[in-house]
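Have a look at the structure below before the remarks.
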Amino acid sequence: MTANLKAPFSKATMKKVLEKHLMQIAVRSRFLSSLYYVAFSKAFGRENQACIYGKIQYQKNLHSNDEDSYLLRRNIHRIEKGILMRPRRSIFAADYIAETFQAYKTMLAKSNDLQNEELRWAHDVLSEYFSIVGSEPGIDICRQEFLSLKSLGFSDSLKIPYERGSSDELSVSYENILKLSVRRRSVRWYLQKPVPRDLIDQAITIAALAPSACNRQPFEFRIFDDPQLVKQISSIPMGTKGFSENFPAVIVVVGKLRAYFSERDRHIIYIDAALASMSLMYALETLGLGSCPINWPDIESKEKQMADLINLELDERPVMLISLGYPDPSGMIAFSQKKSLNQLRRYN
């Protein structure tokens with residue numbers, strides 16, 4: 001008689017079965033979930049290290065010569081919200097005005113330049129704040145010292161909260177935006193001609209106006225138009241095989257975790273960078289340029305490859321890539337039927 005034996009499970013199958021059972025146990029509590037990722041998966045290892053490195057860099061930034069102060073940007077924006085509040089409180093920002101003023105003085109000492117737009121914005125908002133806020137010991141000390149500092153002078157246009165104004169002044173209609181949105185599609189085939197850098201800069205100027213949590217703008221557009229670098233970078237993400245060779249230029253959108261003092265904000269790099277990137281792609285379209293956002297998978301080997309190639313620090317995370325160039329008129333684009341309004345919208 002021949003024994004009716006089942007073929008033994010492969011190692012891969014056994015691993016999947018084990019992982020399935022372990023996940024059923026790990027999901028029962030946050031502690032077990034954390035233990036699972038410590039003992040059985042390294043998927044969040046890079047993010048954990050990036051958050052810690054980002055916090056260290058945030059603290060260093062408070063005392064460095066870097067003119068981009070994330071603390072100052074955040075707190076000046078918080079003060080702006082206090083100024084525009086209805087009803088406005090007589091005392092506000094008392095718990096963080098001291099650190100804000102210290103950050104302002106640090107920047108002032110590094111760059112007493114009227115062309116420094118961030119410094120001008122901080123100066124104007126603080127000037128408005130101290131002129132309207134009530135008396136409180138901590139505030140009074142900062143106010144007195146602020147008034148004793150060398151003034152940056154007056155500007156034709158103060159960088160302080162202003163009235164929204166009538167909405168009927170806008171010349172761009174809903175129909176214009178709809179046409180632009182329909183026109184903008186992911187372009188994979190480009191004419192082989194250089195992309196003028198001044199056009200890219202114009203698009204980034206639009207992208208910089210996108211909303212950002214507490215105005216920190218924790219991202220950077222790393223632009224590559226050297227053919228060899230474009231080829232190397234475009235080959236790293238998944239999903240570009242077969243058409244990445246014809247990219248005239250590529251942008252790596254990089255998020256910077258050093259913008260935050262706490263892990264609680266670690267996802268904002270993706271939110272803010274995505275908002276800016278969408279504005280960027282719309283702007284490129286108006287300038288006659290096509291683009292294609294390219295998904296960036298959180299795969300350790302890919303992360304390391306990209307970090308090594310473009311010299312990313314530990315807290316700098318690729319958010320996405322964007323190819324761009326002059327669209328090839330004969331190149332096809334995907335129809336990509338979008339979900340219906342009823343599928344995407346739900347009130348209350």
Side-chain angles (χ1 to χ4, degrees), residues 11-12 15-16 19 22-23 33-34 36-57 186-190 195 200 204 207 217-260 263 265-278 280-281 284 290-325 334 336:
K11 288 183 178 180
K15 182 178 179 181
K16 288 181 179 180
E19 183 180 27
L22 287 173
M23 287 193 297
S33 297
S34 297
Y36 170 84
Y37 279 107
V38 169
F40 302 104
S41 173
K42 298 179 180 179
F44 291 110
R46 181 174 286 268
E47 183 180 49
N48 293 340
Q49 186 182 25
C51 285
I52 294 172
Y53 186 86
K55 289 173 68 175
I56 292 173
Q57 293 304 116
S186 293
V187 173
R188 291 173 172 82
W189 305 108
Y190 300 94
V195 181
I200 299 175
I204 292 176
Q217 298 184 288
F219 51 82
E220 182 179 40
F221 295 108
R222 299 285 302 276
I223 304 154
F224 299 91
D225 53 10
D226 175 84
Q228 187 60 34
L229 277 174
V230 171
K231 185 176 180 180
Q232 287 180 275
I233 292 168
S234 301
S235 67
I236 299 177
M238 301 168 67
T240 61
K241 188 176 181 179
F243 63 92
S244 64
E245 294 81 2
N246 88 112
F247 294 168
V250 67
I251 299 173
V252 182
V253 185
V254 177
K256 296 172 175 283
L257 286 167
R258 68 189 61 192
Y260 309 106
E263 297 87 349
D265 293 327
R266 67 189 182 278
H267 294 154
I268 298 179
I269 59 171
Y270 306 106
I271 299 169
D272 285 3
L275 288 168
S277 295
M278 191 70 255
L280 172 72
M281 288 184 281
L284 289 171
S291 63
C292 180
I294 300 167
N295 179 44
W296 180 254
D298 193 347
I299 298 174
E300 176 57 27
S301 60
K302 302 278 184 189
E303 292 271 357
K304 186 178 188 308
Q305 191 176 357
M306 183 66 79
D308 290 344
L309 182 58
I310 66 174
N311 297 316
L312 296 179
E313 294 193 51
L314 288 175
D315 70 304
E316 296 179 322
R317 307 298 307 278
V319 175
M320 70 176 83
L321 276 68
I322 302 174
S323 65
L324 67 151
S336 294

- Message: With heavy-atom distances below 4.5 Å as the criterion, would you say the side chains of L321 and W296 are in contact?
- Response: yes
- Side chain proximity check, F221 to L280, heavy atoms < 4.5 angstrom: yes
- Y36 side chain reached by M23 side chain, heavy atoms, under 4.5 Å: yes
- Rounded to the nearest 0.5 angstrom, the CD-CD1 distance for Q57 and I52 is 13.0 Å
- Message: Please list all pairs meeting side-chain hydrogen bond (donor to acceptor under 3.5 Å, both in side chains) that have one or both residues in residues 232-242, counting only residues at least two apart or in different chains.
- Response: none
- Task: Report the distance from atom CG of L314 to atom CG of L312, rounding to the nearest 0.5 Å.
- Result: 10.0 Å
- Item | Where G290 and V187 come nearest, the two heavy atoms and their spacing | CA-CG2, 4.0 Å
- Gap separating the CG atom of D265 from the SG atom of C51, nearest 0.5 angstrom: 10.0 Å
- Task: Look at the side chain of K302 and the backbone N and O of I236, then say whether any donor-acceptor pair between them is shorter than 3.5 Å.
- Result: yes
- Would you name the heavy atoms of A207 and A276 that are closest together and state the gap between them? CB-O, 3.3 Å
- Query: Roughly how far apart are R222 CZ and L229 CG, rounded to 0.5 Å?
  - Reply: 10.0 Å
- Per side-chain contact (heavy atoms from CB on, under 4.5 Å), I223 is matched among I204, V252, V250 by I204
- Grab the two heavy atoms, one from C292 and one from Y190, that are nearest each other, plus how far apart they are. N-OH, 3.6 Å
- For M320 and A274, the nearest pair of non-hydrogen atoms, with its separation, is CE-CA, 4.1 Å
- side chain to side chain contact (heavy atoms under 4.5 Å, CB included) evaluation trace for V195 with D225: CA-CA 8 Å; V195 181; D225 53 10; over 6 Å; no
- Do the side chains of S323 and F243 get nearer than 4.5 Å, heavy atoms only? no
- Got a second to check how far I233's CD1 is from D226's CG, nearest 0.5 Å? 9.0 Å
- Message: Counting C-beta onward and ignoring hydrogens, is there a side-chain heavy-atom pair between K42 and E300 closer than 4.5 Å?
- Response: no
- Item | All pairs passing salt bridge (charged side-chain N to carboxylate O under 4.0 Å, His left out) where residues 243-252 contributes a residue, at least two apart | none
- Item | A50 versus L257, closest heavy-atom pair with distance | CB-CD1, 3.6 Å
- With sequence neighbours left out, which residue pairs that include part of residues 305-323 fulfil the salt bridge (charged side-chain N to carboxylate O under 4.0 Å, His left out) condition? K256-E316, R258-E313, R258-D315, D298-R317, E303-R317, K304-D308
- Message: For a 4.5 angstrom cut-off between non-hydrogen side-chain atoms, does F247 reach I294?
- Response: yes
- Message: Please determine whether the number of non-hydrogen atoms from other residues, nucleotides or ligands lying under 6.0 Å from atom CD of Q49 exceeds 12.
- Response: no
- Query: Which atom pair, heavy atoms only, marks the closest approach of A273 to V253?
  - Reply: CB-CG1, 3.8 Å
- Task: Give the intermediate values and the outcome of side chain to side chain contact (heavy atoms under 4.5 Å, CB included) for residues V319 and F219.
- Result: CA-CA 9 Å; V319 175; F219 51 82; over 6 Å; no
- Heavy atoms, side chains only, cut-off 4.5 Å: are I310 and F224 in contact? yes
- Would you mind reporting whether N295 and M238 have side-chain heavy atoms less than 4.5 Å apart? no
